[in-house]
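In this text the structure is predicted, and so the values were computed from the model without any measurement.
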Amino acid sequence: MKHQVKSTSTFAQACNSYRGSSSYCSLKYKSQKDYANNLTRACATKVSGNLMLGNVKLKDVRYKHLTIAYDDWLVNSGTRSANYIATCVSIVLNYSIRYEAIPHNPMALVKKVKTKPRKVMWQPDQVKLFLDTAYSDFKWRSIGLIFHMSYELAQRVGDMRLLKWESLDLDKQRMDYEQSKRGADVHLPIGDSLVKMLKVQKEDFDFQEYVAPRTKPITGTYSPYTIDEIHILINEVKDEANLPQELQARDLRRTAITEMVEAGVDLVGIMQVSGHQSPQSVKPYLVNTFSGATNALERRFKNDDKH
């Protein structure tokens, strides 16, 4: 039986209670893990002398405590992580409000630093060089496929690392799967070059369920790479290919969507590929680029010539 949240409960006890709630249990596994890690980090943050946030009773949690904690997260974890931790803390405090343990959420009063949107994108020649390098060595083949699918199909690296053969029909050259983040169903055509590599992969790894597992088994089992392993291996390939370190795997989806925008694909078409459920979600990808502006002006003048 989960702990009943009261005003005398500590913040750590409220976190434990929340983790037993239906709201938490309905989250995807990765989100549960991220929330748990962030709340553990929050509980271990000193907010007054040697007093840690986790040991503060809910009725005593103050704006000053959370401001001190947030400043600590900013300095030691960076803006993006600090805001994520703050969000998780806010969720627990709102959960406590529902049990009438506290009257309001002091985290809502803490002014957050806005995260600067990441703008790094892969250039076509960099993508080609990465793939040529990854596919040249069997130990990097699965990493190359995860990279290739993420870029060509504008999907998240995390989803591609867990993709199973049951989601692919290589004869019809299509992929059908449910995205992990929001549960969107996407149905995508697979290009010839990617299908070719997938067929080679299937010949070697058809005996197990994952499309791009570790190329060597662990305790006799071929299993998916972790996100941390992918980060390390992506860097290995970049080093081998002498590619800039600022390029990251998470930039592939943004690159692919931006290329669709530059090509004049409308929002509905982009959402069909990306799985976004509203035009507002696509807005961050609608960046100003020289190529996009050139295409727009060329279309404008071509239209003028018709009149």
Side-chain angles (χ1 to χ4, degrees), residues 25 27-34 122 126-241 243 247-253 255-256 272-275:
C25 292
L27 297 171
K28 296 288 186 179
Y29 173 74
K30 183 181 184 304
S31 295
Q32 289 183 352
K33 186 176 179 180
D34 289 342
W122 291 73
Q126 293 172 330
V127 171
K128 184 178 185 304
L129 180 56
F130 183 97
L131 290 176
D132 287 345
T133 304
Y135 286 149
S136 69
D137 194 319
F138 181 76
K139 69 180 180 181
W140 290 325
R141 188 204 286 172
S142 285
I143 289 298
L145 271 173
I146 291 170
F147 181 101
H148 200 164
M149 291 187 292
S150 298
Y151 171 70
E152 183 165 313
L153 303 174
Q155 301 304 302
R156 297 179 183 86
V157 169
D159 281 342
M160 296 300 95
R161 78 180 179 91
L162 297 175
L163 191 70
K164 297 180 178 180
W165 290 115
E166 64 187 25
S167 298
L168 301 181
D169 186 329
L170 297 184
D171 292 330
K172 295 182 179 179
Q173 297 192 203
R174 65 178 290 165
M175 175 190 295
D176 302 273
Y177 85 104
E178 180 183 309
Q179 292 180 337
S180 62
K181 189 170 183 179
R182 295 187 179 87
D185 288 320
V186 291
H187 312 281
L188 305 167
I190 308 174
D192 292 341
S193 64
L194 179 52
V195 165
K196 180 179 179 181
M197 289 308 304
L198 286 168
K199 286 183 176 180
V200 172
Q201 180 80 341
K202 193 172 179 63
E203 289 178 2
D204 292 328
F205 289 101
D206 191 30
F207 60 88
Q208 52 79 62
E209 61 183 340
Y210 295 102
V211 174
R214 295 182 177 95
T215 52
K216 291 184 178 181
I218 295 180
T219 63
T221 302
Y222 286 85
S223 53
Y225 290 110
T226 66
I227 289 295
D228 289 340
E229 286 175 320
I230 288 177
H231 177 73
I232 292 170
L233 291 167
I234 289 283
N235 283 337
E236 282 186 11
V237 178
K238 286 192 304 183
D239 288 341
E240 181 71 17
L243 286 165
L247 295 172
Q248 296 182 16
R250 61 174 169 151
D251 301 321
L252 292 168
R253 180 170 159 88
T255 299
Q272 289 285 320
V273 173
S274 69

May I ask you to decide whether R141 forms a salt bridge with E203, counting only side-chain N to carboxylate O separations under 4.0 Å? no
Take Y210 and W165, measure what ring-ring contact (aromatic ring centres under 6.0 Å, His included) needs, and give me the verdict at the end. CA-CA 6 Å; Y210 295 102; W165 290 115; over 10 Å; no
Would you find a donor on one side and an acceptor on the other, under 3.5 Å apart, between the side chain of [X] and the backbone of [Y]?
X: Q201; Y: L145; result: no
X: D137; Y: W140; result: no
X: K164; Y: V211; result: no
X: R214; Y: P224; result: yes
X: S167; Y: L163; result: no

Verify side chain to side chain contact (heavy atoms under 4.5 Å, CB included) between I234 and I146, making sure each step is shown before the conclusion. CA-CA 10 Å; I234 289 283; I146 291 170; over 6 Å; no
Side chain to side chain donor-acceptor pair (under 3.5 Å) partners of S180, counting only residues at least two apart: D159
If I take atom [atom1] from residue [X] and atom [atom2] from residue [Y], how far apart are they, to the nearest 0.5 angstrom?
X: L252; Y: H148; atom1: CG; atom2: NE2; answer: 11.0 Å
X: I143; Y: E236; atom1: CD1; atom2: CD; answer: 9.0 Å
X: I190; Y: L170; atom1: CD1; atom2: CG; answer: 6.0 Å
X: I227; Y: I232; atom1: CD1; atom2: CD1; answer: 12.0 Å
X: I230; Y: M160; atom1: CD1; atom2: CE; answer: 10.5 Å

Check the pair V157, R250 against side chain to side chain contact (heavy atoms under 4.5 Å, CB included), reporting the backbone distance first and the verdict last. CA-CA 7 Å; V157 169; R250 61 174 169 151; over 6 Å; no
Minimum heavy-atom separation for [X] to [Y], with atom names?
X: A154; Y: V273; value: CB-CG1, 3.9 Å
X: S193; Y: E152; value: OG-OE1, 3.9 Å
X: Q248; Y: W122; value: O-NE1, 3.0 Å
X: R156; Y: Q179; value: NH1-OE1, 3.6 Å
X: D192; Y: Q173; value: OD1-NE2, 3.2 Å
X: P213; Y: S142; value: O-OG, 2.7 Å

Does the pair F130 and E240 meet the rule for a side chain to side chain contact (heavy atoms under 4.5 Å, CB included), with working shown? CA-CA 9 Å; F130 183 97; E240 181 71 17; over 6 Å; no
F138 atom CZ: more than 12 heavy-atom contacts under 6.0 Å: yes
Should the heavy atoms of other residues, nucleotides or ligands under 6.0 Å from CD of Q272 be counted, would the total exceed 12? no
Are L153 and L194 close enough that some pair of their side-chain heavy atoms sits under 4.5 Å apart? yes
Polar side chain donor-acceptor pair, Y177 to H187, under 3.5 angstrom: no
Would you check, one step at a time, whether the test salt bridge (charged side-chain N to carboxylate O under 4.0 Å, His left out) holds for D204 with K202? CA-CA 5 Å; D204 292 328; K202 193 172 179 63; over 6 Å; no
Stepwise side chain to side chain contact (heavy atoms under 4.5 Å, CB included) check, L188 with Q155: CA-CA 10 Å; L188 305 167; Q155 301 304 302; 3.5 Å; yes
Enumerate the ring pair (Phe, Tyr, Trp, His ring centres under 6.0 Å) contacts for residues 213-234, please, sequence neighbours excluded, ordered by first and then second residue. F205-Y222, F207-Y222
